[in-house]
Amino acid sequence: MAKFIYEFEGVRGRTMKLYDTKVVIATDVTFGSIITGNATDGEKTIFLSDVVGVQFKKSGALIGYLQFETPSSQMNNKSDNAFSENTFTFENNKNGITNELMEALYNFIVDRVEELKYGVPILNETPDFDALIAQIAEERAKEAALAAALERYEAPAEEQPSGKKCELCGGYFDHLTYCKIKDDFGTRFRNICDDCITKYKAKPQK
């Protein structure tokens, strides 16, 4: 008897029960399932030993999906690829499902299909999806808290030096003298410090 592992709630009326040897995709009558023409699809059982391919598309601007290809179906040739009876549809951050969770599920199923088909042990253990969901939620909360903290953070105001700025050397001093100097730029009048007065042999102006 197949061992039940986890149930995933998607969108467009889709839910999926994962077992160790099969998946069961069910469609309920919802607005989403009606507009996609899948209101009466009912329930579909797909044995993992019959799967010849698994397609995974992350949720972004459009919904994401996990699709199971079998020898009796050629899903890639269908225009309604995301809404076939062999497809589980989901949205990122809805019903507890994230792209990270679905990617972990995809990797598990691919490895499990290979085990069943070729009898080669690959998986060490079945993922704890509850723990994975909690871990992803914790990481998202930390990221949100960090983003909020960065938004509230205000850089300390740059400390302004005290005193007046010498118009020649740029240093700040308690006292400057208005002087007439002659340098490479010609004869000029500037507020300068005592060091610059000595350096340029400037003449203080009264």
Audit row: Glu151, Leu146, side chain to side chain contact (heavy atoms under 4.5 Å, CB included) steps and yes/no: CA-CA 9 Å; Glu151 286 184 1; Leu146 177 59; over 6 Å; no

Please report, to 0.1 Å, the donor-acceptor pairs under 3.5 Å made by any side chain of residues 101-109, with sequence neighbours excluded.
residue	atom	partner	partner atom	Å
Asn107	ND2	Glu103	O	3.2

Nearest heavy atoms of Ala202 and Cys179, plus distance in Å: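 Taking every non-hydrogen atom into account, CB-CB, 3.7 Å.
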
Smallest separation among heavy atoms of Arg12 and Ile63, with atom names: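 Smallest heavy-atom distance, with atoms named: NH2-CG2, 3.6 Å.
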
Other residues, nucleotides, ligands: >12 heavy atoms within 6.0 Å of Asp130 CG: yes

[X]/[Y] ion pair, N-O < 4.0 Å:
{"X": "Arg14", "Y": "Glu85", "answer": "no"}
{"X": "Lys17", "Y": "Glu43", "answer": "no"}
{"X": "Glu115", "Y": "Arg112", "answer": "yes"}

Donor-acceptor side-chain pairing of Asn191 and Lys164 below 3.5 angstrom: no

Side-chain (Asn99) to main-chain (Asn92) donor-acceptor, under 3.5 angstrom: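 Looks like no, no N/O pair under 3.5 Å.
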
Main-chain N/O of Lys3 paired with Asp20 side-chain donor or acceptor, under 3.5 Å: yes

Intermediate values then yes/no, side chain to side chain contact (heavy atoms under 4.5 Å, CB included), Tyr6 and Ile133: CA-CA 12 Å; Tyr6 205 80; Ile133 290 172; 3.3 Å; yes

Under a single-linkage definition using a 4.5 Å side-chain heavy-atom cutoff for Ile, Leu, Val, Met, Phe, Trp and Tyr, are [X] and [Y] assigned to the same hydrophobic cluster?
{"X": "Ile25", "Y": "Phe129", "answer": "yes"}
{"X": "Val23", "Y": "Tyr19", "answer": "no"}
{"X": "Ile122", "Y": "Leu116", "answer": "no"}
{"X": "Val110", "Y": "Leu123", "answer": "yes"}
{"X": "Phe56", "Y": "Phe88", "answer": "yes"}

CA sep, side-chain torsions, deciding dist, call: Ser162, Tyr172, side chain to side chain contact (heavy atoms under 4.5 Å, CB included): CA-CA 7 Å; Ser162 60; Tyr172 286 82; over 6 Å; no

In the structure I gave you, are the side-chain heavy atoms of [X] and [Y] within less than 4.5 Å of one another anywhere?
{"X": "Ile181", "Y": "Phe189", "result": "no"}
{"X": "Leu48", "Y": "Thr21", "result": "no"}
{"X": "Met16", "Y": "Phe68", "result": "yes"}
{"X": "Cys166", "Y": "Phe173", "result": "yes"}
{"X": "Glu143", "Y": "Arg140", "result": "yes"}
{"X": "Leu66", "Y": "Gln55", "result": "no"}
{"X": "Phe8", "Y": "Asn95", "result": "no"}
{"X": "Val51", "Y": "Ile46", "result": "yes"}

Separation between [atom1] of [X] and [atom2] of [Y], rounded to the nearest 0.5 Å:
{"X": "Ser49", "Y": "Lys22", "atom1": "OG", "atom2": "NZ", "value": "11.5 Å"}
{"X": "Thr87", "Y": "Lys44", "atom1": "OG1", "atom2": "NZ", "value": "9.0 Å"}
{"X": "Glu9", "Y": "Lys94", "atom1": "CD", "atom2": "NZ", "value": "9.5 Å"}
{"X": "Ile97", "Y": "Thr89", "atom1": "CD1", "atom2": "OG1", "value": "9.0 Å"}
{"X": "Asp50", "Y": "Glu69", "atom1": "CG", "atom2": "CD", "value": "13.5 Å"}
{"X": "Ile5", "Y": "Thr126", "atom1": "CD1", "atom2": "OG1", "value": "4.5 Å"}

Nonpolar side-chain network containing Val120, other nodes, edges under 4.5 Å: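 Its cluster partners, ordered by chain and number, are Tyr118.
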
Side chain to side chain contact (heavy atoms under 4.5 Å, CB included) assessment of Leu18 paired with Phe4: CA-CA 6 Å; Leu18 173 67; Phe4 174 75; over 6 Å; no

